[in-house]
Structures are given as structure tokens and as C-alpha cells.
Student: 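Have a look at the structure that comes next, please.
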Amino acid sequence: MEQNIEKLQAIVSPLLTWYDENRRVLPWREEVSAYRTWVSEIMLQQTRVAAVLPYFQRFMARYPTVQDLARGDEEELLKLWEGLGYYSRARNLQKAARIVAEDYAGAFPADYKELIALPGIGDYTAGAILSIAFGLPVPAVDGNVLRIASRITGWDRDVQSTKKEITRWMTEVVPSDRPGAFNQALMDLGSALCLPAAPRCPDCPLRGLCTAEREGSQARIPVRAPKKDKRPEEKTVFLLRRPDGAVALGQRPKTGLLAGLWEYPNVPGLLTEAQAARQLAAWGLTPLHWEESWQAVHIFTHVRWQMQGYAVLVSGEGDLSWYSEEQRRQKAIPSAFEKANRILQKWEGE
DNA sequence: TAAACGTGGGG
DNA sequence: TCCCCAAGTTT
């Protein structure tokens, strides 16, 4: 074990040197504060840097301070978050902002236990904020660190105990003079060179210090958990427009998948056009013109939606709720309904 | 502890 | 087209 810590200690200096020359220029690195580090880390959870960039910029323009976020409207926040996924992150972000604003007078606590008590902040994010924003020598063990540390040490045990073990090692290894740079260097190395499938070992500054590279075991380290099956779901989605331009939308339940976001009316199963016509009648609507139909698949982490879509011009109000273009602009509709969104955009452009 | 929780990009 | 993800946290 001690040997693994020594292997990791050996990478600190060459990694920092590499980082100083190769670090990515990122908006949350240009100007560092606990608030900005926190927001960026939440957005980056399970999300690529390129996807985060535009969201981060818009977010900071709209909510420059934690007080602005605390005072903000949740519906507007979700609209800003629309398309970024894992929407509970946005809700937790605001819950935490309100706690920081009220209980901490707007100043993030530089304390692991207090940070981790905030909604949405777990072990990794607390470590990232403490090291990057507060300069404290704390590890921030994410997927990159797991991958790099297990390869450096040649750790090929199953994934169960890996994170705890590597966190223990990294606690000893994080340099107290540049903890934030060290943690971010690991992220950049993991993103640029120490890739999951095809690591670019010949270009790596840690070549010669890496057990996996020496043994040629990069491909099987870290050991990955077996992938799980996705539950198939079939649904029929209705893009319904009235002659006055109003479109039917519904709000999803407050819990579960895409909680609280808006969606087009939909029912379980793949309906034929005749069945869809009966569904419209059941809602109390009269079809005036069947505009178009489509098929779409949307893959979530654990569910696969197979969708049949119908775009119909209808009359009546029925049991549904109708919204004008102005009202729709303020509602967050997830990417799962992209096809319908696109058709609607086309209509709005006409 | 394992499952739930999104999305867009790359191979 | 399909599979694999990417700076995890919550329950």
C-alpha cells in the first residue's frame, strides 16, 4: 500500500510542470471564487467541458453572485439549465445557494463537513472547492483521478473498494503548496492523454512512472463495472396546435425522470394514426389537419424511449393546457422531445 | 449498495 | 447505427 502512495508522490512534480504548459484556458479558471468553482463543478458532473461552456457563461451573466441565484426563480433557472441534463443539479444548486446566502451570509464555508452538508455537494465537489477555491490540500477524486491513479499504481482490483482506497492515497499525495493546480492537472491529463479507451501513453509526462504503461495493462485498468440494461419504454407523443397558435403542454411529476420539466402530451404505447385519433377524441379534441408524423428514440442512462409522434392541428381545449409562444419560451422542455421541438420551431418560423 | 438521474459527441 | 461515455450525488 505504502508503495502505491510513493508511486503517486512521484507524479506530483512532473504533472505540475506539464500542467503549467498545457493547462486548458477555462472561464472558471480565469477568475476564481468559491461561487464560480462551485457552479462549474456542479455543471461538470458527468458532463463534458464543451457542453458546459455556454451554460456557464449564461449562468454567470444571469446570476453573478450566490445571492442572485438564491433570489432567482426556479422555473427560470430550469429554463437556463434546459438541455444540460440531470436537472436535480439545478434545483440543488439553488437550495444550496439559499442556505449559503442565509446561513453563511453569502460566503461559502471552507470546511469539508459544512460543504458536504449542502445539497448537491458530495465528496468530490467538496474536495474540488476546498482545493481550487480555498487552496486547501484536499483530494478531489473523480473519474479522471480514479483512472490515472489506478493506472499509475497498477491497481486492478474490482471497482467497489477502489474509490475509498485511492482517496486515502491521494490525501497523502496532494501537495500543500498547489493543491488546486494538482487536482486540476489530473483532470486535464485525464481529458487529454490518460483516456479511458485509447490512452496516449507516448505523449504522457508520467511515462516511466506508470505501472499500467510498463505492464501494458492500460486497457483493463481501471476495472469497469458491467453495464446494465436499459428499460424499454414506448410512448406516443402529440404535438397539438390550435388555429390561434397555442400548443398543448403538460408538466411532469415533481419527482423522477425529468422531474418538473414540461412535455408534449403523451400516452404509453405506440399508437397507429387511427388509435391516435381516438386518443384525441378521448381528450375532447377535434383534429382539423394531420400535419405530420415521426418516429424517434431517446436514450437515457437507464431507460430507452421509443416514440411515435403525431403533429396535429386541432380545435377545442379538451382536458389539456394550452400555451402561447410567449408562454412556451419560458418553459424548459427536455431534449428527449427534440423532434417535436424542432417541428414546433419550424411552425413558429412560418 | 445499487439504481436513478440527461445529454451530445466520438469511435 | 450503436455503444461508450464525462469533473457525481442522492436515495
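Remember, it's a predicted structure, so these values are computed and weren't measured experimentally. To find a chain, count down the sequence lines: A is the first, B the second, and so on, and within it residues start at 1.
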Student: Quickly work out the A:Lys227 NZ to C:dC2 C1' distance and round it to whole Å.
Tutor: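 Rounding to the nearest Å, NZ of A:Lys227 and C1' of C:dC2 are 10 Å apart.
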Student: Please determine whether a side-chain nitrogen or oxygen atom of A:His298 lies at a distance below 4.0 Å from atom OP1 or OP2 of B:dG6.
Tutor: no
Student: Can a donor-acceptor pair under 3.5 Å be found between the side-chain atoms of A:Thr47 and the base atoms of B:dG8?
Tutor: no
Student: Using 30° and 60° as the class limits, which term best fits the ring planes of A:Phe238 and A:Tyr310: parallel, tilted or perpendicular?
Tutor: tilted
Student: Describe the nucleic acid contact of A:Leu93 in one word from base, sugar-phosphate, nothing, applying a heavy-atom distance below 4.0 Å.
Tutor: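 Since no nucleic acid heavy atom lies under 4.0 Å of A:Leu93, the category is nothing.
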Student: Within the 4.0 Å heavy-atom criterion, would you say A:Gly190 contacts the bases, only the backbone, or no part of the nucleic acid?
Tutor: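 Contact class for A:Gly190: none.
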Student: Which part of the nucleic acid, if any, lies within contact of A:Arg24, taking any heavy atom under 4.0 Å across all strands shown: a base, the sugar-phosphate backbone alone, or nothing?
Tutor: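 Since a base atom lies under 4.0 Å of A:Arg24, the category is base.
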Student: Rounded to the nearest angstrom, tell me the gap between atom NZ in A:Lys95 and atom P in C:dT11.
Tutor: 7 Å
Student: Give the nucleotide from the list B:dG6, C:dC5, B:dT7 with an atom nearest to the side chain of A:Pro334.
Tutor: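 So the nucleotide nearest the side chain must be B:dT7.
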Student: Base, sugar-phosphate, or nothing for A:Val49, non-hydrogen atoms under 4.0 angstrom?
Tutor: base
Student: Take atom P in C:dA6 and the same atom in B:dC5, then report the distance between them in whole Å.
Tutor: 22 Å
Student: Side chains of residues 122-129 of chain A: which donor-acceptor pairs under 3.5 Å do they make with residues two or more places apart or in other chains?
Tutor:
| from | atom 1 | to | atom 2 | distance (Å) |
| --- | --- | --- | --- | --- |
| A:Asp123 | OD1 | A:Tyr112 | OH | 2.4 |
| A:Tyr124 | OH | A:Glu41 | OE1 | 2.7 |
| A:Thr125 | OG1 | A:Gln45 | NE2 | 3.0 |

Student: Nearest 0.5 Å, please: how far is CD in A:Glu263 from CD in A:Gln251?
Tutor: 9.5 Å
Student: Think A:Arg89 has a side-chain N or O under 4.0 angstrom from the OP1 or OP2 of C:dT10?
Tutor: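 Negative; the distance criterion is not met.
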Student: Without decimals, in angstroms, what is the distance between A:Lys228 NZ and B:dT1 C1'?
Tutor: 10 Å
Student: Quick check: on DNA chain C, is the nucleotide nearest A:Ile116 upstream (toward 5') of the one nearest A:Trp28, or the reverse? Name the residue that is more 5'.
Tutor: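 On the 5' side of the pair lies A:Trp28.
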Student: Select base, sugar-phosphate, or nothing to describe what A:Ile121 touches, counting heavy atoms under 4.0 Å on all strands.
Tutor: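 Sugar-phosphate: the residue A:Ile121, judged by heavy atoms under 4.0 Å, touches backbone atoms but no base.
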Student: Measure from the side-chain heavy atoms of A:Asp123 and tell me the nearest of C:dT9, C:dC4, B:dT7.
Tutor: C:dT9
Student: Do A:Ser335 side-chain and B:dG6 base share a donor-acceptor contact under 3.5 Å?
Tutor: no
Student: Parallel, tilted or perpendicular, judged at 30° and 60°: which one describes the rings of A:Phe300 and A:His298?
Tutor: perpendicular
Student: Do the charged groups of A:Arg29 and A:Asp188 touch, with an N to O distance under 4.0 Å?
Tutor: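 Answer for the salt bridge query: yes.
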Student: Please tell me if A:Tyr55 has a side-chain N or O lying less than 4.0 Å from either OP1 or OP2 of B:dT7.
Tutor: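 Negative; the distance criterion is not met.
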Student: How is A:Thr125 classified with respect to the nucleic acid when contacts are heavy atoms under 4.0 Å: base, sugar-phosphate, or nothing?
Tutor: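 A:Thr125: backbone/sugar contact only, no base atoms under 4.0 Å.
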Student: Quiz question: by atom type and distance under 3.5 Å, do the side chains of A:Thr272 and A:Arg278 form a donor-acceptor pair?
Tutor: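 No - no donor-acceptor pair under 3.5 Å links their side chains.
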Student: Considering just the side-chain nitrogens and oxygens of A:His302, establish if one lies under 4.0 Å of OP1 or OP2 belonging to B:dA3.
Tutor: no
Student: How long is the line joining CD1 of A:Ile299 and P of C:dC2, in whole Å?
Tutor: 8 Å
Student: Nearest whole angstrom, please: distance from the P of C:dT9 to the CG of A:Asn92.
Tutor: 11 Å
Student: Is there a donor on the side chain of A:Arg48 or the base of C:dC5 sitting less than 3.5 Å from an acceptor on the other?
Tutor: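 Yes.
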Student: For A:Ala128, report the nucleic acid contact type (base, sugar-phosphate, nothing); a contact means any heavy atom under 4.0 Å.
Tutor: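 No contact.
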Student: Please state how far atom CD in A:Gln45 lies from atom P in C:dC5, giving the value in whole angstrom units.
Tutor: 18 Å
Student: Rounded off to whole Å, could you give me the OH-to-C1' distance for the A:Tyr112 and C:dT9 pair?
Tutor: 12 Å
Student: Rounding to a whole Å, what distance do you find between A:Leu44:CG and C:dT9:P?
Tutor: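 Answer to the nearest Å: 12 Å.
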Student: Between A:Tyr323 and A:Trp262, what is the ring plane arrangement, given parallel below 30°, perpendicular above 60°, and tilted in between?
Tutor: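 Geometry flag for A:Trp262 against A:Tyr323: perpendicular rings.
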Student: Looking only at the side chain of A:Leu258 (C-beta and beyond, no hydrogens), which of the listed nucleotides C:dT9, C:dA6, B:dT7 gets closest?
Tutor: B:dT7
Student: Classify the nucleic acid contact of A:Arg252 as base, sugar-phosphate or nothing, counting any heavy atom under 4.0 Å across all strands shown.
Tutor: nothing
